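Since the model is a prediction, treat every value here as computed from it, not as a measurement. All chains are named by letter (A, B, ...) in the order of the sequence lines, taking the proteins before the strands, and each is independently numbered beginning at 1.
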There are 2 protein chains.
Amino acid sequence: MREVPEQQVIATGLPAALSVAGTVISCDAGVTVFHAGQPARAVYFLVSGSVRLVRYGRAGEEVSLHEARPGEFFAEASLDSDCYHCDAIANESSELLQFLAPAMRNHLASDVTLSREWMALLARQLRTARTRVERLSLKNAAERIRHLLYSEGRGDRCEVTLPGTFKELARELGLSHEALYRTLATMVREGIIEREGMTLRFKESASRI
Amino acid sequence: MREVPEQQVIATGLPAALSVAGTVISCDAGVTVFHAGQPARAVYFLVSGSVRLVRYGRAGEEVSLHEARPGEFFAEASLDSDCYHCDAIANESSELLQFLAPAMRNHLASDVTLSREWMALLARQLRTARTRVERLSLKNAAERIRHLLYSEGRGDRCEVTLPGTFKELARELGLSHEALYRTLATMVREGIIEREGMTLRFKESASRI
DNA sequence: CGTCGCATTGATATCGCTCAAATCCGGTGG
DNA sequence: CCACCGGATTTGAGCGATATCAATGCGACG
């Protein structure tokens with residue numbers, strides 16, 4: 001994890017007011033950006049790569065809380081929290097912008113546009129998280145996949161192209177990867193969905209919820 | 001759902017700046033405050049009673065997204081959204097404060113203190129939702145109950161007193177109520193937890209995570 | 001007192017997890 | 001160019017946990 005303070009980066013999705021306030025950080029796959037329990041010093045913006053936020057179950061297994069994608073902030077909720085509540089680990093070689101919490105709070109207090117954007121961002125993340133709660137509350141695998149397509153899909157056939165692997169999707173859906181593969185295969189066999197590589201869609205125009 | 005515009009209410013947990021800006025609404029058990037798909041006209045603050053936010057599965061069954069408790073806002077995420085994304089239904093006779101979205105946006109733009117409180121509130125809700133995601137990602141019922149105690153419990157024995165019924169808790173945990181009762185009974189029998197009416201706690205001082 | 005919904009426990013079926021093994025694919029080194 | 005390696009993908013078999021259906025008790029409420 002090496003810091004490159006003077007570099008100038010235009011990052012898509014970054015509020016204009018923040019374009020010069022961040023510290024660029026590059027980190028390799030597997031590097032931990034921060035640990036749960038550490039004082040929450042900064043908020044991060046993912047420029048490129050991918051970072052996962054995880055906690056650990058009693059058996060030591062990872063539980064995925066969130067997968068940050070380029071153009072997203074993460075650890076935003078830590079702005080008014082004493083310490084981080086999860087680990088942040090780079091899935092691949094990634095570039096981050098780091099915004100120290102005190103500076104960020106100042107910006108938010110003085111810039112109305114930024115604070116509006118920030119509230120919108122938090123609200124969006126909140127909706128996303130609640131959608132995921134809803135999905136995980138469904139009892140069976142096929143329903144979770146349907147729900148994924150309905151809530152994330154584009155167009156009337158609810159097309160989704162996976163950003164990662166099927167194993168990652170399985171974790172996101174709270175399933176073992178075997179269960180996911182099997183359920184997908186069954187749904188394709190039954191003519192419910194189509195699959196082309198990493199793209200999924202309904203076979204028929206979506207019969208609503 | 002009857003509106004009582006002139007009433008003056010001191011509501012605990014409500015930011016001071018909003019204490020005079022809301023419309024008091026009283027509604028009986030079962031009344032729908034808003035429907036999914038309706039234009040998002042307002043944000044609500046629950047003064048007393050309880051309101052659940054739900055969507056509906058394919059079989060028409062309710063899927064609980066959130067249970068608002070007194071002192072909480074709900075539909076906060078709808079401030080920058082065109083329409084509501086779920087139904088809000090009163091579980092019991094409840095009192096709400098309604099804040100129309102345009103007025104709310106004005107307040108947020110002009111009052112830095114309020115906007116800071118609002119961001120903190122969104123961040124808190126976000127953390128809560130992510131904790132719930134984490135909980136639902138656990139594979140078995142006992143782990144989910146442990147997780148609930150660890151993340152919501154008070155004191156070194158992680159004591160939790162349920163705000164609602166065990167059936168509601170079961171929905172919150174993504175379990176059937178039968179599975180919840182059985183798992184609780186087993187955990188009590190095995191000396192892992194204690195149960196006194198609606199209060200749960202670990203038998204031993206919490207062995208961390 | 002009757003009814004309704006929660007609480008509780010039993011029986012059974014099913015779904016998804018676990019272990020296992022084979023294949024595929026991209027990358028790496030010779 | 002090819003052999004090899006690791007991780008993703010895919011399918012099989014068996015088991016265990018949870019859902020589902022069912023029945024009963026119990027307390028609140030009209």
- Roughly, in whole Å, what's the span from CD in A:Glu92 to P in D:dA8? 13 Å

- Message: If I compare all heavy atoms of B:Leu136 with all of B:Glu172, which pair ends up nearest, and what's the gap?
- Response: CD2-O, 4.0 Å

- Query: Is B:Glu194 salt-bridged to B:Arg157, cutoff N-O under 4.0 Å?
  - Reply: yes

- What nucleic acid atoms does B:Ser176 come within less than 4.0 Å of, heavy atoms only: base, sugar-phosphate, or nothing? base

- Note on the structure: To the nearest angstrom, the CG-P distance between A:Leu138 and C:dC15 comes to 15 Å

- Record whether the side chain of B:Glu178 comes under 3.5 Å of the base of D:dC21 through a donor-acceptor pair of N or O atoms. yes

- Query: Taking only side-chain nitrogens and oxygens of A:Lys139, does any of them come within less than 4.0 Å of OP1 or OP2 of D:dA19?
  - Reply: no

- Basic-acidic side-chain contact under 4.0 Å: B:Glu152, B:Arg135: yes

- Message: Looking only at the side chain of B:Met198 (C-beta and beyond, no hydrogens), which of the listed nucleotides C:dA7, D:dT9, D:dA19 gets closest?
- Response: C:dA7

- Task: Would you mind telling me which of D:dA8, C:dT9, D:dT11 lies closest to the side-chain atoms of A:Ala185?
- Result: D:dT11

- Message: Could you go through A:Glu168 and A:Leu162, starting from their C-alpha distance and side-chain angles, then the distance that decides it, and tell me whether this counts as side-chain contact (heavy atoms from CB on, under 4.5 Å)?
- Response: CA-CA 9 Å; A:Glu168 281 167 25; A:Leu162 299 189; over 6 Å; no

- Please report, rounded to the nearest Å, how far the P atom of C:dT18 is from the CG atom of A:Leu180. 15 Å

- Item | Rounded distance in Å - OH (B:Tyr181) to C1' (C:dT8) | 7 Å

- Between C:dC17, D:dT9, D:dT18, spot the one nearest the side chain of B:Ala179, thanks. D:dT18

- Item | Whole angstrom value for the distance that separates P of D:dT11 from NE2 of A:His177 | 12 Å

- Query: For A:Gly164, which contact category applies under a 4.0 Å heavy-atom criterion: base, sugar-phosphate, or nothing?
  - Reply: nothing

- Task: Spell out yes or no: do the side chain of B:Arg195 and the base of C:dT8 have one donor N/O and one acceptor N/O closer than 3.5 Å?
- Result: no

- Note on the structure: note: B:Glu143, atom CD; D:dT18, atom C1'; distance rounded to Å ~ 15 Å

- Task: May I have the distance from A:Leu173 (atom CG) to C:dC15 (atom P), rounded to whole angstrom?
- Result: 18 Å

- Query: Counting only distance, no hydrogens or angles, is the base of C:dT18 paired donor-acceptor with the side chain of A:Arg182 under 3.5 Å?
  - Reply: yes

- For the pair made of CG in B:Leu175 and P in C:dC15, what is the distance, rounded to whole Å? 18 Å

- Task: With DNA chain C as reference, determine whether B:Glu168 or A:Ala141 sits nearer its 5' end, using the nearest nucleotide of each.
- Result: B:Glu168

- Message: Does B:Phe166 reach a base, just sugar-phosphate, or nothing at all? Heavy atoms under 4.0 Å.
- Response: sugar-phosphate

- Task: Please test A:Arg201 against A:Arg154 for side-chain contact (heavy atoms from CB on, under 4.5 Å), starting from the C-alpha separation and ending with a verdict.
- Result: CA-CA 9 Å; A:Arg201 74 177 77 82; A:Arg154 296 281 154 199; over 6 Å; no

